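Please read all numbers here as calculations on a predicted model, not as lab measurements. Both ligands and their constituent atoms are indexed starting at 1 by order of listing. Throughout, residue positions are numbered sequentially from 1 according to the sequence presented.
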Amino acid sequence: MTTSHYIAGRWVEGQGSDCISVNDPALGQPFAELMTASVAQVDQAVAAARNALPVWKQVSANERAAYLRGFAEQLGQRREALISLQMRNNGKPRHEAEIDLDDAIATFAYYADLAEQLPERNREVALAAPGFTARTRLEPVGVVGLIVPWNFPLVTSAWKLAPALAAGCTVVLKPSEVTPLIEQAYGQIADTLGLPAGVLNIVNGKAETGAALSSHSGLDKLSFTGSNSVGSQVMRSASAQCRPVTLELGGKSAIVVFDDCDVDQAVEWIVAGITWNAGQMCSATSRLLVHDGIADALLPRLQQALETLRVGNPLTEEVDMGPLTSQAQWLKVASYFATAREEGLQCLAGGKALDRDGWFVSPTLYADVPVDSRLWNEEIFGPVLCARRFSTEAQAITEANDSRFGLVATVCSADLERAERVADALEVGHVWINSVQAVFVETSWGGTKGSGIGRELGPWGLSGYLSVKHVTRCLG
Ligand code: NAD
């Protein structure tokens, strides 16, 4: 049993009624257990964050930046332990676990810089009307609840924690019950750095704990990353209290491949976009739109690339793709394989679970998928790619945009003018041209339509935790 809740600067045992099993998905077996936080402990965490707010607000922006740099440095010092834990609990291949850690480090370093620049953004406003002065003050939103999923635990938490702390907010973080140990590093680092007690609190638990936090009357804001179904419940809680909410939700993103592409290069981008993290990415490019002129050359190569991908246990084998992270996710993906059979889809690769211990599935490709297929429309969250052909640029744009989601898209073309034109026409939050899943802290993250509300990363991520105040004075 692990002591796993960090409340008011102390590690405490869970007093909830439920036990969380932490699993190794490559074996399909648990390797740790912890008790959930009780609702009373969620109350304590929110109260601790509330008590710490006046203290943290008084800490200068430069000092906050120093703490954030401390987080970046301390993450680096825990490098090997955090990489191993992500490999074991998420099933990530080593190189992907390394990328996640580096992303989290870069996020803390970036928001340290932005924290230092904050005072400069508090400045006089030039007024056209005479007789008045006005100045801007950017203030922390207050006490913020942060609820995150399991697919990129270090990263999604860093994308919330770093800007929230930079802004001067205090927080209660609830990690996913699937990966509850990884973010404990943030509590340990807070301890090491001597972060004032209550500035960062961590409560672990399942839906009940998340609901207790998201509906808590002591919050000033909630920032949620996860599924659309839970996101809408979180939004309902926020609306009951007329409180701001940021939502980073699901996706069903398109990758558009034109006929002037190098086939091998395109295959590399397509495979990475659907098999990184075993396809468990909100930003997975799971809808392939391929130009008629290149489809017959590309699809067999893609089939071959997916069939020869090395799938296995990242802790014991050289792999390109690990298992799905949870049994629930494995069962969900398997149910889509059954749906594909019922729908009579043409399966070019995979389409089945692997016959071995653990929660493995084959990288999968369905071709000529009808637009009304469930697999074309629904987020599967696994290495399952659906392909369709198009003949004109306009058709590609229309089909790419024909989705209730709008998170990201990829455009592959040697004609950069066309690629930019298509990027401009896509109804999403982020477009990659001739690259795949390249996320930089300076650019934004977030979606249009059903993919969410608000933006993380970049200055927009910081703005989400800042409240704008103006002080206007009459000179007369
Ligand atoms: P999920 O919605 O099931 O869970 C997310 C978090 O919410 C977990 O911590 C969970 O314990 C908590 N939760 C569950 N029920 C709750 C409730 N009733 N009230 C409050 N909290 C509750 O999502 P998941 O399965 O962990 O993650 C996968 C989903 O996350 C996918 O849809 C994926 O697209 C999305 N996601 C989006 C982004 C993004 O940036 N847009 C990034 C990563 C993942």
Side-chain angles (χ1 to χ4, degrees), residues 16 18 20 22 34 36-37 39 42 89-90 100 103 107 145-160 172-183 202-216 219 222-238 240 245-253 276-286 324-333 378-382 403-408 428-430 437 439 443-457 460-461 464:
D18 215 348
I20 296 174
V22 190
L34 52 99
T36 56
V39 171
V42 174
N89 191 188
N90 278 94
D100 282 15
D103 185 319
T107 303
L146 311 174
I147 300 181
V148 292
W150 44 264
N151 56 338
F152 292 96
L154 272 184
V155 173
T156 40
S157 294
W159 289 7
K160 295 186 192 304
V172 179
L173 170 70
K174 196 206 84 65
S176 166
E177 62 272 35
V178 179
T179 52
L181 301 181
I182 294 171
E183 284 110 317
I202 303 174
V203 289
N204 273 296
K206 302 181 182 176
E208 191 195 7
T209 313
L213 180 59
S214 63
S215 61
H216 204 288
L219 298 182
L222 193 101
S223 177
F224 172 83
T225 300
S227 63
N228 283 60
S229 58
V230 176
S232 78
Q233 292 177 51
V234 164
M235 199 168 166
R236 260 197 298 279
S237 298
V245 64
T246 297
L247 299 175
E248 296 288 352
L249 306 175
K252 188 74 188 179
S253 300
W276 276 359
N277 214 33
Q280 302 164 118
M281 298 180 284
C282 50
S283 56
T285 38
S286 52
L324 296 175
T325 300
S326 72
Q327 187 177 33
Q329 197 54 37
W330 183 65
L331 292 170
K332 182 180 171 194
V333 173
E378 296 174 15
E379 182 184 47
I380 299 172
F381 225 53
S403 170
R404 74 186 179 101
F405 296 108
L407 192 57
V408 300
V428 297
H430 203 127
Q437 307 285 330
V439 180
T443 60
S444 72
W445 188 261
T448 64
K449 301 194 270 189
S451 288
I453 299 173
R455 291 290 180 272
E456 296 195 309
L457 293 184
W460 307 275

List for me each residue that meets side chain to side chain contact (heavy atoms under 4.5 Å, CB included) alongside [X], sequence neighbours excluded, and say none if there are none.
X      : value
Ser227 : Ser229, Val230
Ser403 : Lys252, Arg287, Phe405
Thr443 : His430, Phe440

Legend entry - Side-chain H-bond candidate by donor/acceptor type, Ser444 with Glu456, under 3.5 Å: no
Legend entry - Pair Asp103, Thr107: side-chain N/O donor-acceptor within cut-off below 3.5 Å: yes
Inset, instruction - Using a cut-off of 6.0 Å, state whether more than 12 heavy atoms not belonging to Gln437 lie near its atom CD. - result: yes
Inset, instruction - Please list, by chain and number, the protein residues whose heavy atoms come under 4.0 Å of ligand 1. - result: Ile147, Val148, Pro149, Trp150, Asn151, Lys174, Pro175, Ser176, Glu177, Lys206, Ala207, Gly210, Ala211, Ser214, Phe224, Thr225, Gly226, Ser227, Val230, Gln233, Val234, Glu248, Leu249, Gly250, Cys282, Glu379, Phe381, Leu407, Trp445
